[in-house]
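Okay, structure first, notes after.
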Amino acid sequence: MRVILSSTPYVDYGSWLSESRVPRTIGYIPIGLLSLASVLRDQNHTVSLFRVSAFWEEHWLHEGPIGANYERAADAILIESPDLVGFSTEYYTFHHVAKIAAEIKRRSPRTVVILGGPQATATPEATLKLFPQFDLIVRGESEVTLLDLVDALESDRPLADVPGLCIRTDGTLVRTASRRLIDSLDTLPVPAFDLVPIAATDLVSIEAGRGCPFSCAFCSTNNFWHRRYRIKSPARLCDELEHLQQTYGVTNFSLIHDCLTANRREVVALCDEITRRQLAISWGCSSRTDTMDVELAELMAAAGFTNVYFGLESGDPDTQKAIKKNLDLDASFSLIRQLRARGVQVTTPFMVGFPGETYPAVKHTFSAINRALMEDVFLAQIFATAPYGDTPMLESYTGELSFSGHFIDVSQSASEVAIRDELMRENPSVFSGHFRYQTSGIGHLIEGADQFFPLMNEYRYTYTALNQLSDDPLYVFEKWSEWLRRSDRTNSKLASFRHYGTFEEFQAFLHHLIAFRSDESPFLTDLFDYENTRLRLTQGTSFRETHNPHLIGEDTGPRIRLAPAIVLKRYTHDILAIIEQMRRQDAPPSAVPFDGTIALAIRDGRLTVYQSTGFAAEVLAYSADSLPIEDLVYRVSSRQSVAGEDAVASIRANCLETITSLESTGLIHVD
Ligand code: B12
Ligand code: SF4
C-alpha cells in the first residue's frame, strides 16, 4: 500500500515576538511517525513523510484566503496518489490538520484518511462526529495497530476486528477492542530517520522510551501510555545513537521520554553503556526533581548529559497537592542549584490557570519563577493551563470551561479567525485545549503568560530586581499586561490577533518602569544597560571597535587594541555584585558603588564579563581607541607629572605589565 504520514504544523513562538510579527512555522522530527514509517516499510509498504511545517515554510501564501494554503498542502500530498493518508494530531494545530484532510477527501474520496496521535486519541468519537473527512482514528500506541489496519484494508477484513481503532459502523461510532502495549520497545525497527533532513549540527530527538508512572492531574501523556514506564535497552539505544552519529555526524541529542529518570536502574544501565562505548555525545531529557539526585546527575553527566527539563508547575504548596504533582519546591531548588554548579542546563516550566486558582497562589508561582531565574536556569517557562482531553483534571471540571481563543496561530484574516473561534467554541470536547478552567480573579494573569516568558527570561535581572524592590513578584507582569492593554496596538496585517508585545516594546516598557524608580534604585539603569548589551552581544550583533580619530596620531610603535566582539561599559554600580545579591535571595538588591570599566565578551559561545578598576580600567578604555603604547606612557607620565628617564621607564614597565595581564585575558591585543 502507498501511505503518506503527515506531521502537524508547528507555529514558532519566537517569530511572533519579533518586530515583523509574522508567525512562521518551524520543523521538528516527528519521532512517532518515523517509527510508524519504519514498521510499514519493513512489511514492504511504500511510505513517505509530509512535513506540513516544512511545506508551509516554503510555500505559505501570505496574501489571500488561508484556504489556499490547505489546498496547496492537499495537492502536494495527493501528487503521490496515496492509498492512505495518516495525520498526526496535537490540540494546538488540530484545526489546520482537519482542513487539509477535508481538501484531500474532497479531491480524492477513495483515499483513506486517518488520524492518530495524542489529540485524536483523547477525543475519538467527538472528532469523527465533527469531521466527516476522517475515515477512522487509530487510538494510542499505533505501530502494531497501523500495520494491522493496512493489512485489513488490503485484504478486506472487517475493521471492527482490528483492535485500537475508533470507526464508523452503520452510522454509529465504535471503539474496537483495546490494543495491548508493546512489551519491549526493542522489537520496533529503528525509526526511519532517512525521511527527515538531519545535519551534523542539529539537536536530534530520539525516542528513549514511553510512559510516566506518575499521575499529575493536568497531564495527558501518562494516560496515553497507560502510566507504564518503558525504555529501550541500553544496547538498542546506543545503537541508534551510534547510527545517527556515524551517518550524519550528529553529537547533540534529546532523549525523548516523559520522565526518563523515573526508573533509576534503567538510567544507570544506559549511562554505563554510553560510557563503555565511549560515545562522544551530549544529551538532555525530561525529568522530575524528585527522581534525580546529585549522584545520579553526575553519573549521567559522565555519559554526556548536559540539560534537563524539570516541570515545577506551581510555586504554591496547596496547588502542588491539588494537581497531584506533589513536589517539594525547596528540595527542587536545592537540586537545581547543585546541577547548575556542575554546569547542567536546567529549564523549568510553570503553569497558571489551574481550576479555582487564586491570586495568592499565582503570586507564589511567580515568586518561584523569580527564584528559578536567580538559580540561573536556562529558561523559566510559563504556560496557561490547557484542559487536555483524557486528563483527570478535565474530567472533574468539564462543565466549568470558558473559551479562550488566545494562542499563536499562523496569519489569517479577522473573518477567518472568527470562523475558527466559532468552530472551537461550539465544540469544547474536541477543542478543550483552547478553553480555560474557571479561576478566582486571575484571568488577566493567564492570557499572555505564555507569550510573556521569553521576554522575562531575556531581562531576568532587571525583571527580578524590579519585582524584589516592589516586594511583589507580580509587579512587572501586571504592569506589562496593563501597558499592553493601554497601548492596544494592532498589527494592520494581523488585525484580528491580540497583541502580546515584542522585545522592542518590552525594552521600552522596562525603560519607562526604571525611569519611575531611578531615584530609589539608580543601579537599575546600569543593570538594564548591562542586560541590553548582553542581549545584543549574544544575539550576534557585531560590535565594531571604536576609534577616536583624535587619539590616533602618527605611527609611534605598537598599539593596544580591544579584541573584536567586546563591549566596554563604564558603570557606577557593581553589576556582578548586585546580581550576586539577587541570587542569594535573602533581601531586595541594593546599590553597590563601582568605579571602573566592565567588559562583556562572547567566549566559546558564552557571555563572559570582566570588571576592572583603576589603571587596568583606564588601559582598557584606551585600547578601544587603539592607542599606541608610547602614547599611553606619555599620557600617564603627564598626568602624574613625572619627568626623568628613570621615572618614565618605571611607568612604561607598569603600563606593559598591565597590558600583558589584560592581553592574557584575551580582552586586548598588541600589534
Ligand atoms: C517531543 C514533543 C514535542 C516536540 C516534537 C513534537 C512531535 N509531535 O513529535 C515539540 C517540541 C515540537 C513539541 C511541541 C509541542 N507539543 Co509536544 N510533545 C512532545 C512529547 C514530549 C514527545 C512526542 C513523541 O515523540 N513521543 C513519542 C512517539 C513515539 O509518540 P507519538 O508522537 O505520540 O506517536 C505515537 C502515537 O501517538 C501514534 N501516532 C502519532 N501520530 C500518528 C499518526 C497516525 C496516522 C497514526 C496512525 C498514529 C499516530 O503512533 C506513534 C507510535 O506509537 C509529547 C509527550 C509524549 N510523551 O508523547 C509532547 C506532546 C505531544 N506535546 C504536546 C503539546 C501540547 C505540544 C505543543 C502544543 C506545546 C506548545 N504549547 O507549544 C507543541 C505543538 C507542536 C506541534 N504542532 O506538534 C502535548 C499534546 C497534548 C494534546 N492532547 O494535544 C503532549 C502529549 C505533551 C503533554 N502531555 O502535554 N512537542
Ligand atoms: S511527571 Fe510529567 S509526564 Fe509524568 S504525569 Fe506528571 S507531568 Fe505527566
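Using a 30° and 60° split on the angle between ring planes, H406 and Y500 fall in the perpendicular class, above 60°. Between H59 and F55, the ring-plane angle classifies as tilted under the 30° and 60° cut-offs. Classification of the Y92-F407 ring pair by plane angle, with boundaries at 30° and 60°, yields perpendicular. Ring pair F366/F477 is parallel by interplanar angle, where below 30° counts as parallel and above 60° as perpendicular. Under the 30°/60° scheme for interplanar angles, the aromatic rings of F452 and F506 are found to stand perpendicular.
Side chain of R603 to main chain of T608: no donor-acceptor pair is present (N/O by atom type, distance under 3.5 Å, no hydrogens or angles). Checked by atom type and distance alone, the side chain of N252 never pairs as donor or acceptor with a backbone atom of T201 at under 3.5 Å. With hydrogens and angles disregarded, no donor-acceptor distance shorter than 3.5 Å links the side chain of T251 to the backbone of I281.
In summary, the side chains of H444 and E478 do present a donor paired with an acceptor at a separation below 3.5 Å, with no hydrogens or angles considered. In summary, the side chains of E458 and Y463 do not present any donor paired with an acceptor at a separation below 3.5 Å, with no hydrogens or angles considered. Side-chain contact, R570 with T597: a donor N or O sits under 3.5 Å from an acceptor N or O. Residues Q611 and D574 have side chains that bring a donor and an acceptor to within less than 3.5 angstrom of each other.
Environment of OH in Y634: sparse, with no more than 12 heavy atoms of neighbouring residues, nucleotides or ligands closer than 6.0 Å. More than 12 non-hydrogen atoms from other residues, nucleotides or ligands lie less than 6.0 angstrom from CG of D671.
Checked for salt-bridge contact, D625 and R559 miss the test: no charged N lies under 4.0 Å from a carboxylate O. Look at K363 and D316 and you find no salt bridge, because none of the NZ, NE, NH1 or NH2 atoms lies under 4.0 Å from a carboxylate O. Of the charged side-chain nitrogens involved, at least one lies within less than 4.0 Å of a carboxylate oxygen, so that R534 and E531 count as a salt-bridged pair.
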**OP:** Evaluate the criterion side chain to side chain donor-acceptor pair (under 3.5 Å) for residue pair E657 and T660; output intermediate values, then yes/no.
**Re:** CA-CA 5 Å; E657 196 183 317; T660 311; over 6 Å; no
**OP:** Start with the C-alpha gap between M300 and V308, add the side-chain angles, then the distance that decides, and say whether side-chain contact (heavy atoms from CB on, under 4.5 Å) holds.
**Re:** CA-CA 11 Å; M300 291 163 70; V308 65; over 6 Å; no
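Outside the 6.0 Å centre-distance limit, the rings of F523 and Y571 are not counted as a close aromatic pair.
The heavy-atom pair separating Q581 from S590 by the smallest distance is OE1-N, 2.6 Å. When all heavy atoms are compared, the tightest approach of A563 to G666 is CB-O, 3.2 Å.
For the salt bridge (charged side-chain N to carboxylate O under 4.0 Å, His left out) test with E375, the passing option among R583, R460, R337 is R337; the others fail.
Here CG of L620 is found 10.5 Å from OG1 of T613. Values are rounded to the nearest 0.5 Å.
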